[in-house]
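A, B, ... follow the sequence lines: proteins, then strands. Residue 1 opens every chain.
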Amino acid sequence: MANLSIDLFKKTLRNPVMNGSGTMGYGREIESLWSIDTLGAYVTKGLSLKPHHGNPPPRVWEEGQGMLNSIGLQNVGLERFFAEYFPLFKKRNTPIVINFFGFTDEEYIECAASIRPDPFIIALEINLSCPNVTKGGICMGKEAQSVFSIIERVKRRTPIPLIAKLTPEVADIVQIAQAAVSAGADGITLINTMPGVSIDLAAKRVAFRGGLSGPPLKPIALKAVADVSRAVHVPVIGAGGITDHEDVIQFLMAGAQAVQVGTATFIDPFAIPKMLAGVARYMDEHGLARLESLVGAAHA
Amino acid sequence: MANLSIDLFKKTLRNPVMNGSGTMGYGREIESLWSIDTLGAYVTKGLSLKPHHGNPPPRVWEEGQGMLNSIGLQNVGLERFFAEYFPLFKKRNTPIVINFFGFTDEEYIECAASIRPDPFIIALEINLSCPNVTKGGICMGKEAQSVFSIIERVKRRTPIPLIAKLTPEVADIVQIAQAAVSAGADGITLINTMPGVSIDLAAKRVAFRGGLSGPPLKPIALKAVADVSRAVHVPVIGAGGITDHEDVIQFLMAGAQAVQVGTATFIDPFAIPKMLAGVARYMDEHGLARLESLVGAAHA
Amino acid sequence: MHDTEGIIRENLRLCRDFYRCKIELARPIDEVIPGQFIMLKVPSAEIFFRRPFSIYDYGKRTVTILYKTVGKGTRALASAPRKERVMVLGPLGHGFEVHRGYTPVLVAGGIGIAGIHLLWKQLEKKACLFYGCSTEKEVPLLGEVIHQEPRICTLDGSAGFCGNVIQLLESSLSLVGEKPYVYACGPQPMFANLKGVLAEKRIPCQVLVEERMACGLGLCFGCVKKTLDDREPYKRACVEGPVFDLWQISL
Amino acid sequence: MHDTEGIIRENLRLCRDFYRCKIELARPIDEVIPGQFIMLKVPSAEIFFRRPFSIYDYGKRTVTILYKTVGKGTRALASAPRKERVMVLGPLGHGFEVHRGYTPVLVAGGIGIAGIHLLWKQLEKKACLFYGCSTEKEVPLLGEVIHQEPRICTLDGSAGFCGNVIQLLESSLSLVGEKPYVYACGPQPMFANLKGVLAEKRIPCQVLVEERMACGLGLCFGCVKKTLDDREPYKRACVEGPVFDLWQISL
Ligand SMILES: Cc1cc2nc3c(=O)[nH]c(=O)nc-3n(C[C@H](O)[C@H](O)[C@H](O)COP(=O)(O)OP(=O)(O)OC[C@H]3O[C@@H](n4cnc5c(N)ncnc54)[C@H](O)[C@@H]3O)c2cc1C
Ligand SMILES: Cc1cc2nc3c(=O)[nH]c(=O)nc-3n(C[C@H](O)[C@H](O)[C@H](O)COP(=O)(O)OP(=O)(O)OC[C@H]3O[C@@H](n4cnc5c(N)ncnc54)[C@H](O)[C@@H]3O)c2cc1C
Ligand SMILES: Cc1cc2nc3c(=O)[nH]c(=O)nc-3n(C[C@H](O)[C@H](O)[C@H](O)COP(=O)(O)O)c2cc1C
Ligand SMILES: Cc1cc2nc3c(=O)[nH]c(=O)nc-3n(C[C@H](O)[C@H](O)[C@H](O)COP(=O)(O)O)c2cc1C
Ligand code: FES
Ligand code: FES
């Protein structure tokens with residue numbers, strides 16, 4: 001079968017497909033259906049220094065051909081994660097990306113600093129989409145300036161490659177990505193969810209407020225990947241509505257080195273294994289030796 | 001039958017449903033199926049001082065359950081519009097909104113200034129989503145500062161109520177809307193298309209770049225309407241993925257005084273007449289005397 | 001646990017807005033613990049999420065659900081013809097734990113019977129079932145009475161005791177036998193009343209709760225129920241639940 | 001012009017990836033000018049836009065199209081069973097204008113026959129048709145020959161003249177009669193060659209062009225064709241077209 005491996009941050013991954021942060025629990029849950037080592041890399045749920053309880057239910061909402069979520073970053077905290085969940089990935093020989101966040105610059109920095117380098121940790125992914133309490137709750141990732149400063153300060157405190165994960169709710173995502181890279185980001189993940197609202201007609205109220213994910217995001221994410229990958233020299237990881245192997249290949253062609261899949265797994269828990277098989281088939285049919293040859297193909 | 005009329009800018013409209021700018025030609029085309037006076041008001045194609053040729057084809061692209069377009073603002077210019085197309089609306093006794101644009105501040109201002117007040121023109125709608133050539137092609141509508149100054153300068157040159165139509169590709173649409181209102185905007189239309197990209201797998205190239213419209217926009221538009229209508233005291237007009245009467249009512253509940261329908265008409269040319277009938281049915285079933293009572297109902 | 005293709009063999013309207021759907025599976029389903037559920041891909045392009053349904057009954061290659069139409073997904077399911085293909089993920093979640101040495105008391109309110117029926121079937125003689133619904137029209141939801149006559153009540157008094165199922169339970173809890181252990185499924189308000197009735201003697205009780213779900217697999221943390229564990233209050237209804245100890249959740 | 005519900009009465013694979021679809025309409029269709037088209041709502045939730053198809057033939061309550069599967073929409077249509085319901089908007093657009101006092105010469109390349117067939121049928125004896133396709137397998141697309149024997153060519157020489165239809169036309173244009181007037185439909189490259197052949201004598205010619213469409217009604221300005229009118233170069237294929245004067249468009 002075709003070789004799907006790709007290189008990222010000087011490591012070789014089995015394949016370019018990761019889960020999106022927060023869409024594959026703590027890694028063990030999916031193993032009732034398939035082994036976590038199916039993934040090119042596992043991306044953790046958003047982790048923080050201290051545990052977070054998250055929001056009251058409902059936390060998920062169907063919205064047309066997509067969904068809204070407001071999980072509220074529930075997580076067990078770094079300490080419990082490493083004690084209880086991290087060993088699985090070593091056992092499965094599966095590289096992981098640690099997605100993390102904070103509600104103040106200091107929380108971000110301490111969080112990153114407290115993560116000890118480990119051969120299985122290929123990168124930290126900083127979630128810049130969450131409210132900064134010290135800045136009146138507006139999110140980090142919206143101003144190039146604040147993105148630059150947080151990334152720069154985090155980089156000073158960790159030797160682990162740092163991926164900046166950006167929100168699409170910005171005026172110019174290329175500018176934000178460039179700020180992140182010039183501050184030292186080693187990679188960019190595009191995109192996080194897009195804030196949306198759903199109205200309950202019967203109840204005459206806002207039924208739900210949360211982040212939009214799934215197929216409706218795809219053209220927005222492809223644009224971010226196409227534009228940013230042209231503008232920066234670091235690897236771009238694409239996410240947003242990826243549902244099948246054709247979507248994966250489209251994101252690679254748009255300039256992504258790797259992709260993340262979230263919502264699709266909720267609809268079909270075998271979406272990821274299926275898309276990997278599909279990508280392999282595509283490579284065989286097109287006599288492709290390496291996936292790298294597809295990356296950015298659409299730029300030409 | 002129920003009374004669907006609403007008041008906007010001291011005029012009474014038959015109903016709250018308009019077409020979205022650029023999605024109903026010059027008004028006469030649809031009359032092979034239904035009379036233009038079916039609309040609460042007709043919104044013109046984006047007009048400019050001088051005619052514009054627009055972009056080469058293809059200009060429209062199917063994208064999942066939505067579409068991308070890059071028409072490139074083709075239009076016959078104000079002069080020809082008033083000479084050839086405007087008379088129809090007088091004949092049909094149909095109020096119109098004049099959507100206009102320019103590629104420099106001066107073009108915007110001259111354009112607005114050159115439109116003579118007329119009882120049938122209820123408002124001008126300024127399209128802030130187009131590239132400003134003097135500012136390196138980045139669009140007007142992205143910075144509160146430039147929005148404030150353009151609106152303020154336009155208002156000085158026209159007595160006609162001015163609606164600011166905003167792009168969703170911003171960091172904080174409430175802030176932009178507030179800038180527009182404090183500069184004198186009499187209303188806000190939310191939202192214009194969201195930039196997106198589609199990849200052609202077979203051709204290995206960017207198949208299309210353009211503005212995303214249709215159902216994928218709906219949750220993003222509803223959020224803009226819910227948040228902006230809470231923050232400003234002028235009427236908000238909702239647009240983005242409205243397909244049936246339930247969508248219309250949801251936008252009203254979210255805080256819109258009126259709505260605009262674009263893409264839905266391409267899929268079902270009778271979408272607008274059908275949704276008007278649906279809204280009337282809803283009013284009868286719920287014993288509603290006036291639609292105003294629904295506006296912002298979801299805020300409570 | 002698998003994600004299996006299935007074919008709708010029966011999709012019958014039992015009464016009012018209640019339906020029973022029997023699905024034949026392409027491969028055998030794992031053993032089911034009463035209270036477990038499936039995530040069903042409703043056969044309609046309009047419905048994005050799968051929908052969770054308790055396993056009402058099952059055989060080697062069949063699973064049966066009992067459902068009430070409350071919105072677009074269940075309405076779409078109700079209109080699905082026989083022979084329609086669906087995807088069935090399950091069995092999922094933490095079901096009822098039956099404790100020896102107690103008298104099992106089953107309490108079902110309305111469609112809640114869907115989550116209790118399998119337990120009732122498996123407990124046989126020992127179990128005594130309290131079933132409450134709004135009118136006699138809904139009594140057939142019980143299906144064929146398996147053994148011990150259930151105690152029935154209706155809100156309109158058209159059948160059995162007149163009142164809600166918790167009032168019925170309260171009126172006869174003393175008579176059900178030694179050391180009652182309650183297993184309940186029904187609407188939220190029912191649980192609050194239940195708590196009131198069981199509080200004094202602090203009678204042990206497990207309840208099956210419903211939360212909106214996206215994945216049903218523990219991946220999204222979208223389906224949480226608040227518990228009294230202050231270290232980690234929000235537990236996933238699809239993994240740690242849907243069956244919780246009544247005394248450990250906050251209503 | 002209406003948007004009418006229709007039922008697929010026939011959806012037949014004629015050869016290779018060519019299909020003929022006959023649709024029965026809920027109400028009579030207006031009179032059709034050859035070259036006009038319909039916007040068809042393909043019966044599949046995956047297909048968002050309607051798709052434009054030339055009216056190959058029509059009756060009081062039926063419309064027939066001939067189509068080639070080139071992508072997901074046409075493939076979805078090809079897999080639509082008989083009795084499937086569709087929506088049919090039309091007749092749309094500016095069709096062919098037949099000018100008296102000329103010898104009508106019809107030129108169709110491949111699936112282009114779909115846009116020419118109705119004109120051929122209406123012109124009867126007078127018309128002489130040049131039809132080019134890739135192989136004899138595609139000759140049946142002509143349907144039953146209505147009157148004057150058409151001139152056929154195939155790229156592989158398996159039937160008729162060996163070459164493309166423009167070469168065929170060139171070789172015999174002098175023989176077709178007095179004052180030829182060409183009506184053509186086919187792929188883009190064909191038009192360029194056609195222009196070359198007709199240039200010298202500047203023979204009058206109308207061509208049916210295809211552009212991607214969203215509305216088909218002139219609402220979106222998405223389907224434009226570039227013309228030599230420099231005041232307003234881009235004309236809508238769905239209103240000013242799809243039939244244009246070859247000498248007025250820029251290829
Ligand atoms: C573990 C579990 C087991 C269930 N078992 C059954 C069963 O055996 N029979 C049955 O009829 N129903 C059962 N439900 C509830 C069922 O899943 C919902 O009624 C269904 O998902 C509603 O979908 P809808 O599209 O029709 O409604 P929607 O249009 O999505 O919503 C309509 C109404 O249903 C409510 N609702 C939606 N989803 C859920 C949900 N997941 N849980 C509770 N309420 C919801 C909404 O709050 C809303 O008021 C179960 C739910 C869970 C979590
Ligand atoms: C006025 C008019 C009349 C037409 N008549 C016929 C006809 O009688 N028979 C027939 O088979 N086809 C006809 N076409 C072309 C037909 O509409 C397209 O082949 C069809 O829309 C492709 O849809 P798809 O989803 O299968 O392809 P897509 O997946 O949308 O695209 C696949 C390929 O088809 C091309 N394509 C897509 N849409 C169009 C379009 N509107 N025009 C031209 N190329 C397109 C794309 O460029 C792409 O290369 C006509 C087009 C127009 C504008
Ligand atoms: C339920 C849910 C939880 C998520 N949690 C996080 C998170 O904790 N941190 C983060 O950076 N992104 C989070 N995301 C965003 C996803 O990782 C991903 O960027 C987004 O969903 C787009 O991909 P998709 O369309 O494939 O889901 C979450 C998404 C969902 C749906
Ligand atoms: C083909 C097309 C052309 C458009 N042209 C304009 C325009 O000229 N000016 C403008 O302000 N908005 C324009 N829009 C945006 C629409 O008016 C509307 O804001 C957007 O499409 C969202 O509504 P919808 O989802 O109902 O289409 C255009 C949209 C489409 C699809
Ligand atoms: S539904 Fe996703 S974790 Fe329970
Ligand atoms: S397809 Fe919309 S104008 Fe022609």
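With rounding to the nearest 0.5 angstrom, the CE atom of B/Met194 is 9.0 Å from the CG atom of A/Leu217. One distance of note links CG of B/Leu252 with CG of A/Leu201; it measures 10.0 Å at 0.5 Å rounding. Taking CD1 of B/Ile199 as the reference point, atom CD of A/Glu246 lies at 13.0 Å (rounded to 0.5 Å).
At a 4.5 Å heavy-atom cutoff, A/Pro215 makes no contact with chain B through either its backbone or its side chain. Contact annotation for B/Tyr282: only side-chain heavy atoms (C-beta onward) come within less than 4.5 Å of a heavy atom of chain A. Looking at A/Gln65, only its side chain comes within 4.5 Å of chain B, counting heavy atoms on both sides. Neither the backbone nor the side chain of B/Ile173 comes within less than 4.5 Å of any heavy atom in chain A. Only the side chain of A/Leu294 comes within less than 4.5 Å of a heavy atom in chain B; its backbone stays farther off.
Here B/Val170 is the residue among B/Leu222, B/Asp172, B/Asp227, B/Val170 with the most heavy-atom pairs under 4.5 Å with chain A. Ranked by heavy-atom pairs under 4.5 Å with chain B, the first of A/Lys142, A/Gln250, A/Arg205, A/His286 is A/Gln250. Of all the listed residues (A/Pro195, A/Gly241, A/Gly66, A/Ser198), the one sharing the greatest number of non-hydrogen pairs under 4.5 Å with chain B is A/Pro195. For the options A/Glu143, A/His299, A/Lys223, heavy-atom pairs under 4.5 Å to chain B are most numerous at A/Lys223. Among A/Val206, A/Val225, A/Ile176, the residue making the largest number of heavy-atom pairs under 4.5 Å with chain B is A/Val206. Here B/Ala171 is the residue among B/Pro168, B/Ala224, B/Gly64, B/Ala171 with the most heavy-atom pairs under 4.5 Å with chain A.
Taking every heavy atom of both residues into account, B/Pro216 and A/Leu212 meet most closely at O-CD2, 4.1 Å. Nearest heavy atoms, B/Arg209 versus A/Ala226: NH2-CB, 4.0 Å. Between B/Ile220 and A/Ile220, the shortest heavy-atom distance links the atoms CD1-CD1, 4.3 Å. Shortest non-hydrogen contact noted between A/Asp200 and B/Met253 is O-SD, 4.4 Å. Residues A/Glu63 and B/Pro219 come closest through the heavy atom pair CG-CG, 3.6 Å.
The closest donor-acceptor contact from the side chain of B/Lys204 to the backbone of A/Ala297 lies at 3.5 Å or more, if one exists at all.
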